[in-house]
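Report on the following structure.
Letters A, B, ... are given to chains in the order of the sequence lines, protein chains preceding strands, and every chain is numbered from 1. Just so it is clear, the values below take in all heavy atoms, side chains as well, and ignore hydrogens, waters and symmetry mates.
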Protein chains: 4
Amino acid sequence: MVGGAVRTRRLPRAERERQMMDAAVRVFGRQGYRGASMDEVAELAGVSKPLVYLYLKSKEDLFTACIRREARALTEAVRGGVGDAALPADRQLWEGLHAFFRYTAENPDGWAVLHVQARTHGEPFAAEVAAMRAELVVFVTQLIAVEARAAHRDPDLPEREVAGLAQALVGAAESLAAWANTTEGISARQAAATLMNFAWAGLGNLIAGRPWTPPPT
Amino acid sequence: MVGGAVRTRRLPRAERERQMMDAAVRVFGRQGYRGASMDEVAELAGVSKPLVYLYLKSKEDLFTACIRREARALTEAVRGGVGDAALPADRQLWEGLHAFFRYTAENPDGWAVLHVQARTHGEPFAAEVAAMRAELVVFVTQLIAVEARAAHRDPDLPEREVAGLAQALVGAAESLAAWANTTEGISARQAAATLMNFAWAGLGNLIAGRPWTPPPT
Amino acid sequence: MVGGAVRTRRLPRAERERQMMDAAVRVFGRQGYRGASMDEVAELAGVSKPLVYLYLKSKEDLFTACIRREARALTEAVRGGVGDAALPADRQLWEGLHAFFRYTAENPDGWAVLHVQARTHGEPFAAEVAAMRAELVVFVTQLIAVEARAAHRDPDLPEREVAGLAQALVGAAESLAAWANTTEGISARQAAATLMNFAWAGLGNLIAGRPWTPPPT
Amino acid sequence: MVGGAVRTRRLPRAERERQMMDAAVRVFGRQGYRGASMDEVAELAGVSKPLVYLYLKSKEDLFTACIRREARALTEAVRGGVGDAALPADRQLWEGLHAFFRYTAENPDGWAVLHVQARTHGEPFAAEVAAMRAELVVFVTQLIAVEARAAHRDPDLPEREVAGLAQALVGAAESLAAWANTTEGISARQAAATLMNFAWAGLGNLIAGRPWTPPPT
DNA sequence: GATGAATGAGATTTCATTCAT
DNA sequence: AATGAATGAAATCTCATTCAT
């Protein structure tokens, strides 16, 4: 599983491509776009460099392909985690965050590609991630709006304000993900709970001893 | 201020070093560590490459020096913004965030070096930034603890929980900083207000129509 | 006729080879020997690369085969154009030139392979073209000799002199061919006439023993 | 003189550039643009590859620089050879050709770059040579026109016809140059004489209004 | 008769870094 | 205090060629 593996010969293209992208995600995630070398990717994938170029065209294309694959996987994980759209908004948010933290814990390299590396290298790459991020922001935004309506209040939060809140929430989640993944003994569940407390109840309520409580598993 | 400047000859070392680091921050901030070239730095600083090496030893050392300088400047800006430690905790937090958003808006390259580039390139660099971040986290942590005490409650929030909250807050702030700096018409003040609402009052309160209100200027 | 064609399956070898060589002549003619890639040839021929290798062994062999085929086609076109060997020498020369210009106009890629590319890549290839050129030179030489005899003069033009003249004639023809093929509105006929004007009287004088004499050094 | 020479250290830039271009002309002239490798050029020049890139930017730029230098040298040699513009036209032509053959004999690699290699690699390069060639063609064209006037004839040779003749003459010269340079014992003087013999009488007849007339189709 | 899978070797180019003055 | 001259090492990418079916 670590790679540099035995050269398995004559695989069908699809499978080889997957191998290469696995290797690429790992290398890009750890070394960054410029720091990664195609030699390293090829070696980790257990193939020769020309084959990488034959299938994935160029370093840029390979990077883009990685970003797309990882972005899709992450959003699908989050959407899948949320489950029923009929649940109350806070429950939906909780489930989404839980899924998010679970996924990033299990795919640290993929997450690093998206969160750290893709943003560092010019419009084209950043745009790919921005699109994914926007999707999550929209999801969060809707939850906030739903809740506001449920509270029989006009959605008088101005749109821009809501966008800012969503940005803050997503940013907090991203930061917590990094923290949780590098701190011994922080589970996805704990990270999600912390964030819910932070965001949903607010520090003021927390301090006053009125935390938001996660649902039982 | 832009550089590529006329070659001013025979400057005292301290000043030359400052010129070089200004150039370096700009180049590192925009191109990243690997993407930056010493040629570019030297040219932008208006000196020859050997001089850069004479004064700053190596690319790594130069990068480290940039990180340190920018980290110090940022923390000083935040501490200076907070002002009187006798103010109420929420007011202190507000002032700190306001200063933070002001500073990052005015020094996008320095901020990029800290936020984006330093984390991308291995322990030694990331550690520098982590130290700065820790300082901010401690600051926030103390505010939370102070507030808890002021509410005559035991600081029974476990330490780890507080650390998580601080991480979330700092992450949200970073995310909002990026958003504010790239979205037309979002001021540092607005970003700070959004974050206070998000963090202090909580989404629940916001939705219920009980926002936190920023102090008049 | 243009290629990149639909993959027609299971063709007899001779025809496949022709397809490949058509493609190769085009690619070699336009990109040169080094600039041409076997991939391009295979794609243009509508077959896979291994098949090209199976039939034509190597890039060098393929190039040589192209040169031979095109050289043969060109000399045949010229000989065919001349027609009756009983015609007067100037008429024969005229017809030959006319055929030459017609052929190069119609087969620019083949002509480029011979005239430009083959000479650029080392003895083995150049020799192939030299052989063809020699054949044309012999043909011209004979015409000159015939004419000399017809003028009742000994063919006392030294052989080397005649070879030089033939070189000049062929070079002039080649140059005119390039010019005619790239200049709007110059027909093969006009090019041939220009060359006859240029060459014939000079040759006539020579044959008649009235050379132009260089000044003393 | 052969190169690969001892590494002479710390030369002024101008001199190093000359060395590099000498090497490049030799390599390009013999192997062609694609066939030449920058490694080879650097080695022959006795420097490291990066220095070649530092001074001459890229393979393309280096090639262009070679073409320009050689083209200028050749035209200057021919113009210098012609000397007095008051000489009779045939004498001027003779002197020009003589100088041309002398120069190409002494600089076979430079001549190969111009005559063979530059034309093989796309517009930008070919255009450089075309410009030089055009200059020579103009020179020849003028001589022909002068002669026509001297013969008290209207310059009723249509312009296009003259251009064709000049093309033929230059092409013949180029061809003869290649021949003379590769055939043992052909001097520049002999080559020039051959071409004058070949060309001048023909031109004379034309100018005198006695063209060779093509047979009806 | 024909091809998808695969690679060794080498191309151009860039970069961090040092030497000699 | 400062620089012009120079390079070792490594990066991305391409190409002619073969293997197994």
Can you tell me the distance, in whole Å, between the [atom1] atom of [X] and the [atom2] atom of [N]?
X        : N      : atom1 : atom2 : answer
B:Glu17  : F:dA1  : CD    : C1'   : 13 Å
A:His121 : F:dT12 : NE2   : P     : 12 Å
A:Leu11  : F:dA20 : CG    : C1'   : 14 Å
D:Gln19  : F:dA6  : CD    : P     : 9 Å
A:Leu62  : F:dA11 : CG    : P     : 15 Å
A:Met20  : F:dC13 : CE    : P     : 15 Å
C:Asp39  : E:dG4  : CG    : P     : 12 Å

Problem - Of D:Arg13 and A:Ala36, the one whose closest DNA chain F nucleotide lies more 5' - result: D:Arg13
Exercise for the section: Mind checking which stems touch DNA chain F? I mean at least 3 consecutive Watson-Crick or G-U pairs, both distances under 3.5 Å. Expected result: E:2-21 with F:2-21
Problem - Exam field: side chain C:Lys49 to backbone C:Glu43, donor-acceptor pair closer than 3.5 Å - result: no
Exercise for the section: Could you say whether C:Pro12 or B:Arg34 is positioned toward the 5' end of DNA chain E, judged by the nucleotide with the nearest heavy atom to each? Expected result: C:Pro12
Exercise for the section: Scan residues 49-61 of chain C against DNA chain F and write down, sorted by residue number, each residue with any heavy atom closer than 4.0 Å; if none is found, say none. Expected result: C:Lys49, C:Pro50, C:Tyr53, C:Ser58, C:Lys59
Practice task
With sequence neighbours left out, write down each residue that passes side chain to side chain contact (heavy atoms under 4.5 Å, CB included) with C:Arg69, or none if nothing qualifies.
Solution key: C:Arg18, C:Met21, C:Asp22, C:Val25
Practice task
Kindly say whether, by distance alone, the side chain of D:Arg10 makes a donor-acceptor pair under 3.5 Å with the base of F:dA5?
Solution key: yes
